[in-house]
Each structure stands twice: as C-alpha cells, then as structure tokens.
Amino acid sequence: FFFFLGGWGVGGGGGVLGAGGKVAAVMPEAAGFQGVTDRATLQEFSHAHSDSFWAAMANHRLTWTSAYDTVQDCDLRRGKVKWFVGGKLNVSVNCLDRHVLTCPDRVALIWERDEPGAEVKVTYRELLEMTCRLGNLLRRRGVKKGDCVTIYISDALAERIRDANSSTVITVNQGVRGGKMIDLKKTVDAAVDTCPNVRQVFVAMRTETPVVMKDRDVAMEEEMAHEEAVCEPAAMDSEDVLFMLYTSGSTGKPKGLVHTQAGYLLYASLTHKYVFDYHDGDVFGCVADIGWITGHSYCVYGPLANGATTVLFESTPIYPDPGRYWETVQRLQINQFYGAPTAIRLLLKYGDQWVHKYDRSSLKTLGSVGEPINTEAWEWYHKVVGDGRCPIVDTWWQTETGGICIAPRPSDPDAEIVPGMAMRPFFGIKPVLVDNEGEELTSKSASGALCIAQPWPGMARTIHNNHQRFIETYCQPFPGYFFTGDGASRTEEGYYQITGRLDDVINVSGHRIGTAEIEDNHCSAVAESAVIGYTHDIKGQGVYAFVVLKKEADITEPELRQQLKDSVSKSIAKYASPDYIQIAQRLPKTRSGKIMRRVLRNVVERDLEGLGDLSTLDDPTAVQEIIQAPLKGSLYCHFLDL
Ligand code: 6R9
C-alpha cells in the first residue's frame with residue numbers, strides 16, 4: 001500500500017530527519033513530527049501530541065480566513081468539544097474556490113442519474129457558480145448567517161423542521177429512484193402546513209412533471225438564473241454549525257446531531273484521502289444515500305475538500321438490473337468504490353455473471369460501511385468484484401464520529417487485512433474497551449463496550465436543542481470517554497472487530513453474544529440473516545433468527561436447520577444456536593441498509609403497539625410481511641423448533 005512507498009521505516013535508518021523525509025513522501029502533513037518513522041510511531045504521536053498532530057493537519061489541509069488561537073478546548077466529562085477555537089474559514093472556499101484557482105475545469109461531481117448513461121458532469125468552476133447563485137438567492141430571500149435551511153430528502157419531515165426551527169426548505173418536485181417517481185413536493189406541502197415558521201420553500205425541478213406552486217414556493221432554478229454567479233463567502237467561525245443530521249436513537253426518538261465547520265471538514269478530508277488512498281485525478285464513487293452521514297462525509301465534504309471527482313449516485317443497486325454498480329464503475333472509470341454490506345449481500349444473491357459482464361479494472365480500493373460485513377459477503381466483494389486485487393476497507397464509524405474511525409487502511413503497504421474486520425484505528429483515534437462495571441480492559445485480547453478515549457475534530461458537538469441528552473448518551477456511561485453504543489473485541493495483534501449494537505446484545509444463560517457474531521454464519525443457502533434475543537423462561541433469552549434465502553437456494557428445512565446449527569456451534573458455541581428460524585422474504589431496514597432489530601424484537605414479542613418510530617424505515621411493508629407471515633403460515637415462513 002502507500003506507506004513505506006519511499007522505503008518508509010525500512011531498517012529505521014537515517015535518523016529522525018531522514019525518516020521524516022520518507023514520512024513526508026506519503027503524508028506531507030507529518031513531515032515535521034519528531035521520532036515518527038512509520039505507521040505505528042505516527043499513531044503514537046497522534047495520541048501523545050494530539051495538539052501538534054491536529055494543528056499540522058489543519059494548517060496543511062484547510063484554507064483559513066484567519067488563524068485559530070487554540071487547537072482544542074475539550075472536556076469529554078462535561079460534553080465540551082471545541083476545535084480550532086477562534087479560527088475563521090469558509091467551507092465552500094475550501095471545497096470549491098481554492099480548486100477553481102488551480103483546476104477550474106476538473107470535474108467536481110458526476111451526477112449519476114437514475115437513468116443509466118445519462119450522467120451529468122459538473123466542473124469545479126460550474127459548481128462554484130451554481131453555489132454562488134444559490135447563495136445569492138438565499139441571501140436575497142432573507143436567509144442569514146446562522147439560519148437553518150432544511151434540505152428535504154426523505155423521512156419524518158415536519159417534526160424535524162420544527163425541531164430545527166427552519167424557515168426555509170429546499171426540495172424537488174419529484175424524486176427519482178429505481179425508475180419510480182416519488183412526489184416529494186407533496187410531502188413537503190403537507191409537512192410545511194404544520195410548520196408555521198416556514199416562510200418559503202425552494203422547489204427544484206428534477207422531472208418535467210409540473211407541481212402546484214403556492215405563495216410560499218420559489219421556482220429555484222428560474223430564480224437562480226437571475227442571480228450573479230459570484231457571491232462573497234462569509235467568514236465562519238470554526239465552531240459555527242455546519243449541518244445537523246437526524247438519526248434515530250435506540251428508543252426510536254430521532255436526534256439531530258450537530259457538526260461544526262472546521263473540525264468536521266478536516267476530519268472528512270483527511271480520512272477520505274488516507275483511508276481510500278485517494279490521489280489527484282481519481283474518480284471516487286460513494287454510492288451511499290446523500291441524506292446519510294456517509295453521503296455527507298464521502299460524497300460531498302471529504303472529496304470536494306480534496307479537489308476530487310466525486311460521484312452522486314441517484315439509483316439503486318438493481319436498477320435497471322443487478323449489474324448497475326459495475327456498469328457504472330466501467331462507464332465512469334471509478335477508482336474507489338464505497339458501498340454498504342446490505343447491497344453487497346443483495347447482489348451476491350444474483351450471482352457473479354452480473355459482475356463479470358463489466359470491466360472493473362479501474363478499481364483500486366473497495367470500501368464497506370454501515371454494518372458488520374459478514375465473511376461471505378467480504379470474500380465475494382474481494383474475489384468477484386475486486387478480482388482479488390483491491391484492498392477492502394471495512395470502515396467503522398457513526399453519524400456521531402463525523403468520519404471513519406477504524407479501518408484496515410492506512411497501514412503499512414502489505415499489512416494484512418482480515419476479512420470482516422475494521423481492524424486499525426485512524427490517527428488520533430484511541431479506542432478502548434470497557435466492561436460492564438466501567439473498567440477499562442487493558443489486556444490485548446478483550447471484548448467489551450467500544451469507547452474512544454480522546455476527542456478528535458470530527459466528532460459531533462451536541463444534539464440540537466438537547467445538550468443534556470448528548471451528555472447522557474455519549475459522555476456519562478463511561479466518564480472521560482466517548483461511548484459509541486457498539487460492542488467490539490480486540491485481538492492479540494490489537495485489531496478491532498465490531499460485534500454489533502450493545503442494545504442488541506443477546507444474553508443466553510449469562511453468555512453475552514453480539515448479533516454480528518451469530519449472523520456471520522457460513523450456510524451457503526442464506527443470503528442474509530438477523531438474530532434477536534427473545535424472552536426465555538429458563539435461559540433468560542433465546543436466539544431467534546430471521547433468514548433470507550438466496551434466490552437459487554435449494555434446501556429443505558431440516559437441512560437448513562442442521563447447517564445453521566453446525567455453523568453457529570462451530571464458530572461460537574452450541575448455546576448460541578437459534579431456537580427458532582423464520583424464513584423471510586426481506587428484513588426491515590433503514591434507508592442506509594441497517595437491519596432494525598428493535599422492530600423484529602417487538603414483532604417476536606408481539607408488542608405491536610411498541611413498534612416506535614418507523615419513519616427511518618426504507619420500506620415499512622417489510623414489517624407487515626414479517627408480522628403477517630407466521631400467522632398466515634405462508635410458504636415463506638416456517639417455525640422450526642430446534
Ligand atoms: C457511518 C454510519 C452507525 C452504526 C455504528 C455501528 C454500525 C457502521 C460499521 C458498523 C460494523 C462497520 N456500523 N459501520 N458496524 N462495521 N464497518 O453507518 O453511521 O448511520 O450513524 O450508524 O452503524 O453499529 O454504531 P450511522
């Protein structure tokens with residue numbers, strides 16, 4: 001890989017200066033760091049000299065309007081997080097203006113429209129002009145610094161507009177996805193009718209279907225055409241709000257996580273560059289939904305801050321057919337491809353021929369995000385999609401962390417990558433594992449609650465309107481640490497593996513088992529599975545598995561039962577084998593592809609009133625199917641008593 005390219009760390013010769021020169025060849029930001037000769041010493045430096053590390057990163061990677069005076073002012077115990085205090089900058093200048101100076105005609109983004117072959121390429125110059133026109137329009141229409149503008153993509157809109165106190169909403173007449181039109185403007189109209197603070201709605205036209213325009217509506221493109229293509233950037237404070245993003249909590253009540261300007265942008269830019277080994281001229285293809293944090297950090301802010309060419313993917317993995325991703329890779333010559341395990345598992349079901357049909361030789365790195373990637377999906381991604389040539393980066397992070405925190409890369413060039421493991425903490429990230437009593441587990445090989453011991457610039461600053469909830473959720477469970485809510489284990493080598501959400505942990509007769517561990521089974525007929533714990537008189541909890549079979553699966557119930565039992569007994573223990581197996585057509589998921597186990601638990605416990613907020617579900621009918629299937633005793637659903 002890229003570290004050691006210049007012989008970094010080889011033999012350790014050359015003294016500090018010489019070694020520093022080699023470090024500088026692969027990571028110019030680290031050139032001046034004393035005693036840094038390789039990946040490991042750089043990692044140590046980033047922990048021990050956090051201020052120097054992050055100051056060097058911020059000075060190299062960001063363009064400042066005026067310098068900051070303090071690198072960090074943080075106290076995790078009190079939920080206080082501030083970075084680059086006193087500095088001023090503008091995110092658009094960092095993402096656009098400065099690249100227009102050096103490479104105005106480079107393609108900044110490729111809008112990969114739902115219809116294959118209809119992509120639109122926008123250069124840095126053009127994107128800056130569009131941004132300026134929109135900026136001018138917003139200003140002319142009374143939107144001021146500090147105002148919140150809601151960009152509508154999906155989900156429970158009205159509650160979010162009210163929580164954020166937005167006076168301006170931006171939407172499109174219709175959304176287009178997988179060949180279907182979605183009437184977004186209609187949803188906005190209904191939502192805004194219940195939001196008295198909304199003064200205006202900007203409506204862009206994605207399709208030609210006209211929509212009724214109300215007094216408060218503004219035809220966005222028409223109005224933008226009248227604006228100047230130059231707009232003076234505002235000088236923003238490092239800690240001014242950049243955006244807030246609503247994510248559902250485990251209780252089902254969404255929270256608006258707040259990210260600020262400088263720290264977030266720096267962290268997105270740095271991780272984009274080094275986790276994916278992004279180089280100038282590469283085409284970066286993150287196919288995540290733009291409304292997910294992954295779309296924010298790795299379709300927009302990270303790549304644009306780095307002057308990259310980034311892909312905005314509007315479609316689905318199977319439209320018009322299951323070759324869509326790879327056809328897009330071939331047509332756009334994508335070099336780094338970043339997607340979710342849920343899509344990989346879906347495509348795996350359709351077979352290799354859809355991949356083989358297209359030329360994927362442009363690919364250099366493959367990324368995975370959002371959920372643990374099971375071994376079978378990992379192997380398929382690696383062997384079939386990447387032809388065994390491309391490193392797979394299984395990237396662990398959260399809306400709360402702003403950017404990737406644990407991933408196999410960057411690392412030494414040929415450092416091993418273990419299938420299905422996020423493995424190595426990024427620079428400045430210090431993971432710790434904590435037991436139930438709140439004690440830090442210091443032995444190398446351990447398993448516990450995953451916390452992060454030091455603040456980093458990319459982390460969320462607060463929950464909008466509810467700082468107390470921020471403190472209670474992330475800072476109080478393990479004082480002094482940031483609590484992620486995930487479980488993880490660490491190997492002798494110091495590699496981390498995520499075992500799933502702690503809320504989902506199953507406790508069978510005192511054995512605590514992460515959902516990912518059981519779901520990562522090796523039964524060849526199974527495309528994907530979700531396990532949950534259900535109340536059991538004797539064991540406390542028992543394991544209940546929902547299983548989706550592959551398209552061509554040809555297996556009898558007893559065979560399936562035996563295979564799953566053998567697989568789980570072998571990889572974990574007999575007690576972890578499922579008591580019940582329910583075959584489902586699909587699983588309830590969020591729009592980012594996460595299985596909603598909370599909902600499955602409610603269904604199994606028959607607590608249908610307590611299903612909670614379903615607004616983040618991709619397709620609520622998946623829940624109905626599962627609720628109804630066992631009652632109807634349909635073909636797709638069988639209870640197998642083991
Ligand atoms: C980026 C994103 C965060 C939660 C996180 C964890 C799960 C994400 C993962 C992963 C295992 C990975 N998660 N990446 N689990 N391996 N590589 O997904 O943000 O939507 O906020 O979800 O997703 O449980 O805590 P977000």
Side-chain angles (χ1 to χ4, degrees), residues 2-3 6 8 16-17 19-37 39 41-74 81-103 233-240 242 259-280 297 301-308 402-405 410 426-430 454-459 461:
F2 75 101
F3 280 97
W8 225 38
V16 171
L17 250 187
K22 288 166 191 163
V23 172
V26 287
M27 192 175 191
E29 301 92 335
F33 296 163
Q34 293 283 310
V36 169
T37 53
R39 167 70 160 93
T41 47
L42 181 52
Q43 182 71 12
E44 278 161 32
F45 186 93
S46 74
H47 294 162
H49 307 284
S50 176
D51 274 18
S52 316
F53 178 84
W54 287 114
M57 300 300 136
N59 299 342
H60 270 86
R61 297 202 78 82
L62 298 182
T63 299
W64 293 88
T65 314
S66 58
Y68 54 86
D69 28 65
T70 312
V71 177
Q72 58 180 305
D73 178 15
C74 303
V81 185
K82 289 182 180 172
W83 284 86
F84 312 114
V85 185
K88 294 213 181 287
L89 81 173
N90 180 286
V91 168
S92 289
V93 167
N94 277 271
C95 289
L96 301 172
D97 303 49
R98 61 175 176 169
H99 308 310
V100 171
L101 292 178
T102 56
C103 50
M236 303 298 284
D237 202 272
S238 293
E239 286 298 334
D240 279 339
L242 177 58
H259 283 287
T260 55
Q261 313 263 324
Y264 170 83
L265 187 66
L266 174 63
Y267 197 70
S269 138
L270 197 68
T271 49
H272 170 256
K273 164 90 182 109
Y274 290 112
V275 172
F276 297 99
D277 192 23
Y278 183 86
H279 286 278
D280 255 4
S297 300
Y301 294 103
L304 293 182
N306 293 337
I404 296 165
C405 288
F426 192 74
F427 304 122
I429 299 295
K430 195 173 179 187
Q454 286 184 355
W456 67 102
M459 65 188 291
R461 303 302 195 249

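Numbers for residues simply follow the sequence, beginning at 1.
Residues forming a side-chain hydrogen bond (donor to acceptor under 3.5 Å, both in side chains) with N90 (at least two apart in sequence, or on another chain): none. Under the side-chain hydrogen bond (donor to acceptor under 3.5 Å, both in side chains) criterion, S52 pairs with no residue at all, not counting sequence neighbours.
For the side chain to side chain donor-acceptor pair (under 3.5 Å) with E239, the qualifying choice from Q261, R461, K82 is R461, the only one to do so.
Remark: side-chain polar atoms of S269 are not paired, donor with acceptor, to backbone N or O of A305 under 3.5 angstrom. The main-chain N or O of A56 is found under 3.5 Å from a side-chain atom of H60 such that the two form a donor-acceptor pair. With hydrogens and angles disregarded, a donor-acceptor distance shorter than 3.5 Å links the side chain of H99 to the backbone of L304. A donor-acceptor pair under 3.5 Å is formed between the side chain of T271 and the backbone N or O of A268.
Of all the heavy atoms in G402 and S297, the pair that sits closest is O-OG, 2.7 Å. The two residues W83 and W456 make their nearest non-hydrogen contact at NE1-O, 3.4 Å. T41 approaches T37 most closely through the heavy-atom pair OG1-N, 2.8 Å. For the residue pair S46 and Q454, the shortest heavy atom distance occurs at O-OE1, 4.3 Å. Closest approach of L265 to C95, counting heavy atoms only: CD1-SG, 4.0 Å. For the pair V71 and A55, the tightest heavy-atom approach, listed with the atom from each and the gap, is CG2-CB, 3.9 Å.
For K430, the NZ atom sits in a loose shell: 12 or fewer heavy atoms of surrounding residues, nucleotides or ligands are nearer than 6.0 Å.
Side-chain contact, Q72 with D51: a donor N or O sits under 3.5 Å from an acceptor N or O.
Side-chain contact check for Y274 versus I404: every heavy-atom pair is 4.5 Å or farther apart. W64 is listed as a side-chain neighbour of L89, based on a closest heavy-atom distance under 4.5 Å.
Identified under the salt bridge (charged side-chain N to carboxylate O under 4.0 Å, His left out) test for residues 61-73, with sequence neighbours left out: E29-R61, D73-K80.
Atoms CE and NE2, on M459 and H259 in that order, are 9.5 Å from each other to the nearest 0.5 Å. Of the inter-residue distances, the one linking D237 atom CG with F84 atom CZ reads 13.0 Å to the nearest 0.5 angstrom. Between atom CG of residue N306 and atom CG of residue N94 there is a gap of 10.5 Å, rounded to the nearest 0.5 Å.
Note: F53 and F427 have tilted aromatic rings, judged against thresholds of 30 and 60 degrees for the angle between ring planes. The aromatic rings of Y267 and F426 stand perpendicular to each other, their planes meeting at an angle above 60°, with 30° marking the opposite boundary.
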Could you check L270 against M27 for side chain to side chain contact (heavy atoms under 4.5 Å, CB included), going step by step and ending with a plain yes or no? CA-CA 10 Å; L270 197 68; M27 192 175 191; 4.3 Å; yes

